[in-house]
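Naming: A, B, ... by sequence-line order, numbering from 1 per chain. Below, each value reflects all heavy atoms present in this structure, side chains not excepted, and no hydrogens, waters or symmetry copies.
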Amino acid sequence: MNEKSIKQVLGFWVLRLCMGFVALILVVVFYDIITKGAPAVTWTFLTQSPREGMTEGGIFPAIVGTFLVTMITAILAVPLGMGSAIYLNEYAPDNFMTRFIRMSIRNLSGVPSIVYGLFGVALFVEMCHFGTSIISAGCTLGLMTLPLTITASEEALKAVPRSYREGALALGATKWQSIRTNVLPYAIPGMLTGAILGLSRAAGETAPILFTGAAFFLPDLPNSLLSQFMALPYHLYIMSTQHHNITLVRPIAYGTALVLLMLIFLVNISAIILRYRLRQMKKE
Amino acid sequence: MPNMKPKIKIKDFNFYYGASQVLKRISMDIQPTHVTAIIGPSGCGKSTLLRCLNRMNDLIPSSRPEGKIEIDGQDINAPSIDVVDLRKRVGMVFQKPNPFPKSIFDNVAYGLRVNGIKDNRLIEKRVEASLKGSALWEEAKDRLKENALNLSGGQQQRLCVARALAIEPEVLLMDEPASALDPIATAKIEELIVELKKKYTIVIVTHNMQQAARISDSTAFLMQGDLVEYGKTSDIFTKPKQKMTEEYITGRFG
Ligand SMILES: Nc1ncnc2c1ncn2[C@@H]1O[C@H](COP(=O)(O)OP(=O)(O)OP(=O)(O)O)[C@@H](O)[C@H]1O
Ligand SMILES: [Mg+2]
């Protein structure tokens with residue numbers, strides 16, 4: 001073997017080790033959560049409220065709460081994010097103002113989620129008088145997700161070749177026609193994937209819902225969007241740090257973690273399937 | 001030049017990309033029902049000039065036209081001009097084939113649909129006529145529903161010609177429409193151009209001297225943004241006035 005091919009083989013092995021290390025961590029985490037969580041996850045666990053000071057029963061209200069809050073988040077973050085991205089990428093002139101806005105958006109996605117939580121209290125809970133509620137928490141998570149969906153949508157739009165736009169315009173399409181018929185169809189899969197990944201991150205957040213609506217324990221399901229709610233990540237946090245008998249409820253905590261993980265997994269897989277489907281449709 | 005009222009009148013036209021000037025005081029009249037060829041070495045500004053005629057360069061930030069281009073006596077850069085309408089009248093085939101990732105049929109129908117034509121029978125008729133016009137019909141007629149990206153490079157080029165023909169523009173700008181074609185398809189496109197010039201005004205950029213000589217009525221020779229010589233094709237190719245023109249067309253440089 002000469003020096004060049006030795007270097008190549010070495011290079012590949014270094015990269016392979018990096019990959020293997022990451023995979024190993026993932027496997028260990030999954031193994032831990034699945035083996036300790038699986039025994040707790042029964043039909044009762046999924047469909048009933050916590051009982052006996054949260055030492056028994058299930059996590060149904062938390063599942064419902066997380067679902068509802070994530071819906072609000074989606075309603076706020078997805079259309080707004082896509083709309084802003086379309087404006088930024090297709091219409092906004094490339095000047096100082098736009099660059100400044102874009103930079104701010106990038107920075108916002110790095111703001112710690114607890115800061116969004118505080119902001120949500122000020123804006124939604126107090127100023128808008130939504131109180132601590134599903135809608136306050138959903139909007140807070142929506143704001144937190146917005147920079148992510150905007151950035152992902154913009155990347156998806158950037159990936160559409162300029163020649164699609166030019167070709168449409170040269171055939172007498174208006175700008176909006178060219179965007180609607182010749183840009184968006186090819187950007188939507190990427191936009192949706194970005195949005196769903198953003199939402200799945202939001203669904204797992206604790207800090208932003210901590211002060212804006214998540215409740216320690218509610219035996220009943222929320223009856224309006226202005227109710228407080230239980231949420232999976234917050235429930236997990238309580239079960240592992242705040243409960244009066246942490247060791248006793250360990251299995252419940254692991255079960256909750258597993259359910260949360262599975263839900264997020266499901267959402268991400270549906271994003272992948274959706275993207276694949278849309279790609280196939282495009283190829284026809 | 002024959003004494004017709006010019007279709008396109010370019011007068012003292014400059015064009016800048018940022019600070020660099022790529023077209024310098026171009027003045028030329030383009031006759032209707034004529035084929036006008038633009039020749040010149042790579043990077044001399046041929047595509048830029050062509051893209052100024054349907055204001056495609058509007059899309060490039062910090063680019064700037066200066067001077068006048070008139071089509072049918074109207075200043076196309078005037079604020080009152082609707083650029084969408086202008087582009088319907090001035091069709092374009094791009095230098096790089098740019099089929100949309102849609103079916104062959106939908107590619108050709110695209111311009112019709114965005115211009116508000118809904119009658120499917122009319123659309124089908126025009127798609128067929130346009131594909132016949134660009135010599136793609138025989139190869140494409142059984143696969144109209146197939147994605148246009150599956151076509152070969154040359155077929156894509158003819159598809160783009162068909163797409164431009166479908167909206168029946170008055171002026172047709174073609175940027176090297178035969179660069180990826182074999183001699184047979186090239187001959188067909190050239191036939192088509194000669195046929196089309198009965199109705200349309202055609203401006204074609206080409207690197208192929210024989211092609212310019214065969215199909216064009218007038219030829220413009222550009223170099224580094226200067227219009228070196230412009231005149232009847234027969235004159236340019238037999239008795240060029242400028243030494244540079246002669247050197248270029250005989251292949252001594254460029
Ligand atoms: N979008 C752009 N931004 C900046 N400069 C550009 C842009 N497009 C073209 N140019 C420059 O303008 C000059 C003319 O380019 P143009 O594409 O008109 O050349 P051309 O004559 O068509 O060349 P070719 O025969 O290779 O297609 C070149 O120097 C090119 O680098
Ligand atoms: Mg060119």
Side-chain angles (χ1 to χ4, degrees), chain A residues 85-103 154-193 274-284, chain B residues 47 50-51 53-62 82-103 105-117 130 145-150 156 159-160 162-169 172-175:
Chain A
I86 294 172
Y87 177 75
L88 268 180
N89 198 57
E90 306 293 327
Y91 287 98
D94 184 27
N95 56 23
F96 174 75
M97 207 45 208
T98 337
R99 278 197 291 271
F100 179 75
I101 291 174
R102 200 171 271 137
M103 198 187 70
E154 235 196 309
E155 292 308 318
L157 287 167
K158 283 216 175 74
V160 178
R162 209 180 65 186
S163 69
Y164 294 4
R165 298 175 176 86
E166 282 195 341
L169 294 174
L171 291 167
T174 61
K175 189 158 186 172
W176 172 238
Q177 280 176 323
S178 91
I179 293 172
R180 187 173 54 79
T181 62
N182 233 10
V183 177
L184 288 186
Y186 311 115
I188 286 281
M191 287 174 135
L192 285 182
T193 313
L274 181 74
R275 186 169 52 178
Y276 179 77
R277 281 268 170 81
L278 287 167
R279 281 231 182 98
Q280 290 305 108
M281 243 160 61
K282 219 167 57 184
K283 279 208 190 104
E284 275 165 17
Chain B
S47 299
L50 214 59
R51 291 165 57 95
L53 300 180
N54 67 345
R55 286 187 44 189
M56 222 54 220
N57 285 327
D58 283 17
L59 306 179
I60 297 170
S62 83
D82 176 8
V83 62
V84 172
D85 195 54
L86 172 76
R87 290 182 187 139
K88 273 182 221 167
R89 291 165 50 206
V90 184
M92 172 164 232
V93 178
F94 289 83
Q95 180 161 9
K96 275 192 231 126
N98 59 342
F100 305 143
K102 305 178 189 295
S103 72
F105 185 91
D106 287 343
N107 262 275
V108 185
Y110 187 85
L112 302 170
R113 290 188 176 134
V114 294
N115 286 310
I117 298 180
S130 310
K145 295 232 145 46
E146 221 176 278
N147 193 314
L149 298 182
N150 296 340
Q156 291 186 359
L159 180 74
C160 293
R163 210 167 59 185
L165 289 180
I167 54 170
E168 303 187 331
L172 191 58
L173 311 172
M174 302 174 115
D175 202 341

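Per-residue counts of heavy-atom pairs under 4.5 Å with chain A were compared for Asp82(B), Leu173(B), Asn98(B), Ile167(B); the largest is that of Asn98(B). Residue with the most contacts toward chain A among Val83(B), Val90(B), Val84(B), Leu59(B): Val84(B) (heavy-atom pairs, distance under 4.5 Å).
In the model, Lys102(B) has no side-chain atom that pairs as donor or acceptor with a side-chain atom of Tyr164(A) under 3.5 Å.
Here the straight-line distance linking atom CG of Asp85(B) with atom OG1 of Thr174(A) works out to 12.5 Å at 0.5 Å rounding.
With salt bridges taken as basic N to acidic carboxylate O contacts below 4.0 Å, one links Arg51(B) and Glu166(A).
When all heavy atoms are compared, the tightest approach of Arg163(B) to Gly167(A) is NH2-CA, 4.4 Å. Across all their heavy atoms, Met56(B) and Leu169(A) have their closest contact at CE-CB, 3.8 Å. Here the closest heavy-atom approach between residue Gln177(A) and residue Val114(B) is recorded as NE2-O, 2.8 Å.
Within the 4.5 Å cutoff, the side chain of Ser163(A) has no heavy atoms near those of the Phe94(B) side chain. Considering only heavy atoms from C-beta on, Tyr110(B) comes within 4.5 Å of Thr181(A) through its side chain.
Within 6.0 Å of atom NZ in Lys96(B), 12 or fewer heavy atoms from other residues, nucleotides or ligands are found, so the atom counts as exposed in its surroundings.
Interface remark: Pro99(B) contributes backbone atoms only to the contact with chain A (heavy atom separation under 4.5 Å).
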